Amino acid sequence: MGRGEATVSEPDHDVVIVGAGFAGLYQLHHLRQLGLRVTLIEAGTGLGGIWYWNCYPGARVDSHVPLYEYSDEAIWRDWYWDERFPDWQALRRYFDHVDSVWGLRDDIRFQTRVSGGTWHEDERCWELRTDGGDVLRTRFVVLCTGFAAKAYVPDFPGLDTFAGEWSHTAHWPQGGVDLTGRNVAVVGTGASGVQVIQEAARVAEHVTVFQRTPILALAMQQRRLTREGQDEAKAHYPEIFERRTQTNSGFAYPERGVNTFDVSEAERLETYERLWQEGGFAFWAGGYSDLLIDEAANRTAYDFWRSKVHERVHDPAVAEILAPTEPPHPFGVKRPSLEQWYFDAFNQDNVDLVDLRATPIEAITTTGVRTTDGEHPCDLLVMATGFDAVTGGLVSIDLRGSDGESLRDHWAGGVRTHLGLASHGFPNLVYLYGPQSPSGFCNGPTCAEVQGDWVVELMTHLRDTGTTRIEPTADAEEEWRAMVHGIAEMTLFPRADSWYMGANIPGKPREMLNWPGGLQLYLASCRDAAAAGYRGFELS
Ligand code: N01
C-alpha cells in the first residue's frame, strides 16, 4: 500500500469502508487524503446511515446541535439548522451538504450490501462479496455499520397473518406512511417508540401503546434556532468541539465531580430542576458523578423524574404504569430517550396504554394485537422493538478470518475485541462504533471523529511503514474483555435488561457491549497502544 515496500501483490483497493453514516463518511474523507484507494459501500440509496433508514414519523436526533455534527469548519461555516434537535429530513439535508463540501459520492457505491468476506492469507487481502454478486479485493476493511444496523422483530405468533400494514421503525417505507386517521398500534416504548407514539397521537384516529418496560424519558426542551443566533454561537464552536472530545460522553456537559449526597437535598433538587430545564441529556450526563454507580444516589434522580411524569399525566393509574413507584431499573442504565409531548399524549381520548407486564401479548391476529385481556384492533402495526444492537449488524456479514472462523462464531460465547476495534483471527479488519468501544455511551459524531482519527493514524502508520498485515493478539483481546467486564461490574448497568447488555435479544449472551469506562480512559488506552508501537497488535 502507498509508499511503503509492499511484500505482496496489490489488491484493487487499499481500503473498503462499509456504511455511509457519520463514521463511514469521515473515514472516506480522511483516508482518501492519505492517497489511498478507497471505496465506500452503502446499502441505502442516500447518505446518513441511521438517518437514511429511520424515516418513521417523528424520527429526530436525541443529541442537540452543534454537538451532533462534524467539527470541520468547512462544513459548519455555511450550515444552519432550524431546530436544536433536528429531525431526520434536516439530517439528510445536512449529509447532502457534507457531500457538497467533501465531495464523497463518486467514491460510494449505493444500493449495495456487503454480504460476506474471506481473508486470503497468501495475498494479505480481503475478498468481499456483495449482494449483487460483485467481488471487491481490498487490503483493509473498515466496518462503519453503526450499532443499530440489525432491526429486531420479536417472534410474535401470527404476525404473518396480520391483514393490515406493519413495519419496524428502522425499515419504514422510504415513501412514508401517513398516520392521519389510522388506527395505530405501537409495540415498544424505547427512543423510536416514544417518537412515533407522540407523533401518531396528534393525527391518528386511535393509538394503542404496548409497553413492557416504562421508558424513563427526559424532556427534550426543543427550541427553534435562528440564523443570527447560530452566527453568534459559531464564534464558540471550536471550543465546543474541543470540549466534547474532553468529556466522558462525547457531549459538552460540564462534569461536576460532585456526588449526590455531597450536597443538601434542597441544592440537589435545584440542580435537578436546572438540568431538567436545560433539556436533552443534561439530566443524565451532566448530573452527579455517582448516578450510575450508587443505588441510593440513583434513586433520588429516579424519584425526581417520576414526579415530573406524575405532574403531567392526569389519570394516576396510567401515570403509575408509565412511572411506577418502584423503578423498573436504576435510572439511566437503560438508555433514556427524549420526549416532547409523549407523556401528555396519555391524557388524550384517542390514546390507550396497555401494560404488557400485566397482560402480555399472546399473538398478532388478522385484525390486531391479542393480549391476555383480549384483542386490540389496529390497521397499522408499528414494531418499535429495537435492534440486535452493537454486534448484530457486524455478525450478519459473513466474514471469515484467517482460520476460516466467522465473526459470528468468534463472538458466540461473548464478544472479544482489542480496544473495541479489531478481533484476533481477523487481520486488517477494524470496526468503528463497535462492541467494547464507547459506542452507545458516546455522542455519535464525537466518536466518529476521535475513534476515527485513531484509525486514520493507524492507516498512515501502515502506509508509511509498508505494513500489509495487522492483527490483535488473543491475549490483548482477553485483557480488554476483562477490563470491560470488570468496569461494568462496578456500575449499575448490569441491573437492566437493556441493549447495552445484549439483554434485549432472546438467547444473546448477556454482557456489557459498550466500553463503560468513559471516553477519556478509552482514548488514553488507544493512544498508549499506538505510542507503544501498537501494543496488543502484531504487525508485519
Ligand atoms: O429500541 P429499544 P429503540 N414484547 O431497544 C420493546 C437509538 N435511537 O429503537 O424495554 C414487547 O430501546 C422493548 O421493551 P423492553 C437509541 O440509542 C435513537 O427504541 O425490552 N415489547 C422496548 O420498549 C436507542 O436507545 C434515536 O421491555 C418488546 C422497545 O421494544 C436505540 O437506538 C431514535 C418486545 C425497544 O426499545 C434503540 O432504540 C431511535 C417484546 N417481545 C433510536 N421486544 C434518536 O436519537 C422488545 N420490546 C432519537
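Small disclaimer: the values here were computed from a predicted structure and weren't measured.
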Inset, instruction - May I ask you to check whether D352 and H376 show a side-chain donor-acceptor distance below 3.5 Å? - result: no
Inset, instruction - Might you work through the ring pair (Phe, Tyr, Trp, His ring centres under 6.0 Å) test for F95 and F22, ending with a clear yes or no? - result: CA-CA 9 Å; F95 280 102; F22 271 106; 4.8 Å; yes
Inset, instruction - Please report the shortest heavy-atom distance between P57 and V177, naming the atom on each side. - result: CG-O, 4.1 Å
Legend entry - Considering all heavy atoms, the nearest R408-S396 contact: NH2-CA, 3.9 Å
Legend entry - Sidechain-backbone polar pair: R481 side chain, R416 backbone, donor-acceptor under 3.5 Å: no
Inset, instruction - Measure from NZ or CZ of R93 to the centre of the six-membered ring of W81, then state whether that distance is under 6.0 Å and the direction lies within 45° of the axis. - result: no
Inset, instruction - Compute whether any side-chain donor of one residue and acceptor of the other, for K150 and T391, lie under 3.5 angstrom apart. - result: no
Legend entry - Under 3.5 Å side-chain donor-acceptor pair for E69 and Y94: no
Inset, instruction - Give a yes or no on whether the ring-centroid distance for Y70 and W76 is below 6.0 angstrom. - result: no
Inset, instruction - Rounded to the nearest 0.5 Å, what's the gap from CZ on R268 to CG on D262? Could you check? - result: 10.0 Å
Legend entry - Gap between atom CD of Q348 and atom CG of N350 - 0.5 Å precision: 5.0 Å
Legend entry - Residues, nucleotides or ligands: over 12 heavy atoms within 6.0 Å of D155 CG: no
Inset, instruction - Locate the shortest heavy-atom distance separating W79 from K234; write the atom from each residue and the value. - result: O-NZ, 2.8 Å
Legend entry - Sub-4.5 Å side-chain heavy-atom contact between M501 and L513: no
Legend entry - Q451: which of Y431, Y433, Y522 passes side chain to side chain donor-acceptor pair (under 3.5 Å): Y522
Legend entry - Any donor-acceptor N or O pair under 3.5 Å, side chains Q277, E273: yes
Inset, instruction - Indicate yes or no for a side-chain donor-acceptor contact from S498 to the backbone of K334 under 3.5 Å, with no hydrogens or angles considered. - result: no
Inset, instruction - Would you please classify the geometry between the H168 ring and the H171 ring as parallel, tilted or perpendicular, with 30° and 60° separating the classes? - result: tilted
Legend entry - Parallel, tilted or perpendicular: ring planes of W276 versus F304, cut at 30 and 60 degrees: perpendicular
Inset, instruction - State, without any angle test, whether E449 and S71 hold a side-chain donor-acceptor pair at a distance under 3.5 Å. - result: yes
Legend entry - Polar side chain donor-acceptor pair, T45 to Y52, under 3.5 angstrom: yes
Legend entry - Electrostatic pair E339:R312 at N-O distance under 4.0 angstrom: yes
Inset, instruction - Walk me through it: do Q436 and V484 pass the test side-chain contact (heavy atoms from CB on, under 4.5 Å)? - result: CA-CA 7 Å; Q436 300 180 344; V484 169; 4.0 Å; yes
Inset, instruction - May I ask you to test the E83-R223 pair for a side-chain heavy-atom distance under 4.5 Å? - result: no
Inset, instruction - Taking the six-membered ring for Trp and the single ring otherwise, decide whether the centroids of F147 and F387 are under 6.0 Å apart. - result: no
Inset, instruction - Walk me through it: do D62 and Y68 pass the test side chain to side chain donor-acceptor pair (under 3.5 Å)? - result: CA-CA 9 Å; D62 273 355; Y68 197 76; over 6 Å; no
Inset, instruction - Might you confirm whether atom CD of E311 has over 12 heavy atoms from other residues, nucleotides or ligands at distances under 6.0 Å? - result: yes
Legend entry - Sub-4.5 Å side-chain heavy-atom contact between F331 and L218: yes
Inset, instruction - Would you check if the side chain of W172 reaches a backbone N or O of S167 as a donor-acceptor pair within less than 3.5 Å? - result: no
Legend entry - From Y500, W480, F493, residue fulfilling ring-ring contact (aromatic ring centres under 6.0 Å, His included) relative to W515: W480
Legend entry - Heavy-atom closest pair, residues P328 and T213: CB-CG2, 4.0 Å
Inset, instruction - Evaluate whether atom CD of Q246 has more than 12 neighbouring non-hydrogen atoms of other residues, nucleotides or ligands under 6.0 angstrom away. - result: yes
Legend entry - Parallel, tilted or perpendicular: rings of Y253 and F251 (30°, 60°): tilted
Legend entry - Shortest non-hydrogen contact between L381 and F162, atoms and distance: CB-CE2, 3.8 Å
Inset, instruction - Indicate whether any N or O donor in one side chain lies under 3.5 Å from an N or O acceptor in the other, for T325 and E320. - result: yes
Legend entry - Cationic N near anionic O, under 4.0 Å, E239 to R244: no
Legend entry - Axial cation check for Y80 ring with R227, 6.0 Å and 45° limits: yes
Inset, instruction - Might you point out which heavy atoms bring R212 and L356 nearest each other, and give the distance in Å? - result: CA-CB, 4.0 Å
Legend entry - E295 atom CD: more than 12 heavy-atom contacts under 6.0 Å: no
Inset, instruction - Mark yes or no for whether T359, through its side chain, and D355, through its backbone, hold a donor-acceptor pair below 3.5 Å. - result: yes
Inset, instruction - Could you please spell out the steps behind the salt bridge (charged side-chain N to carboxylate O under 4.0 Å, His left out) verdict for E375 and R370? - result: CA-CA 4 Å; E375 164 125 359; R370 194 178 74 229; 5.9 Å; no
Legend entry - Sole residue of T271, N259, T260 in side chain to side chain donor-acceptor pair (under 3.5 Å) with Y288: T271
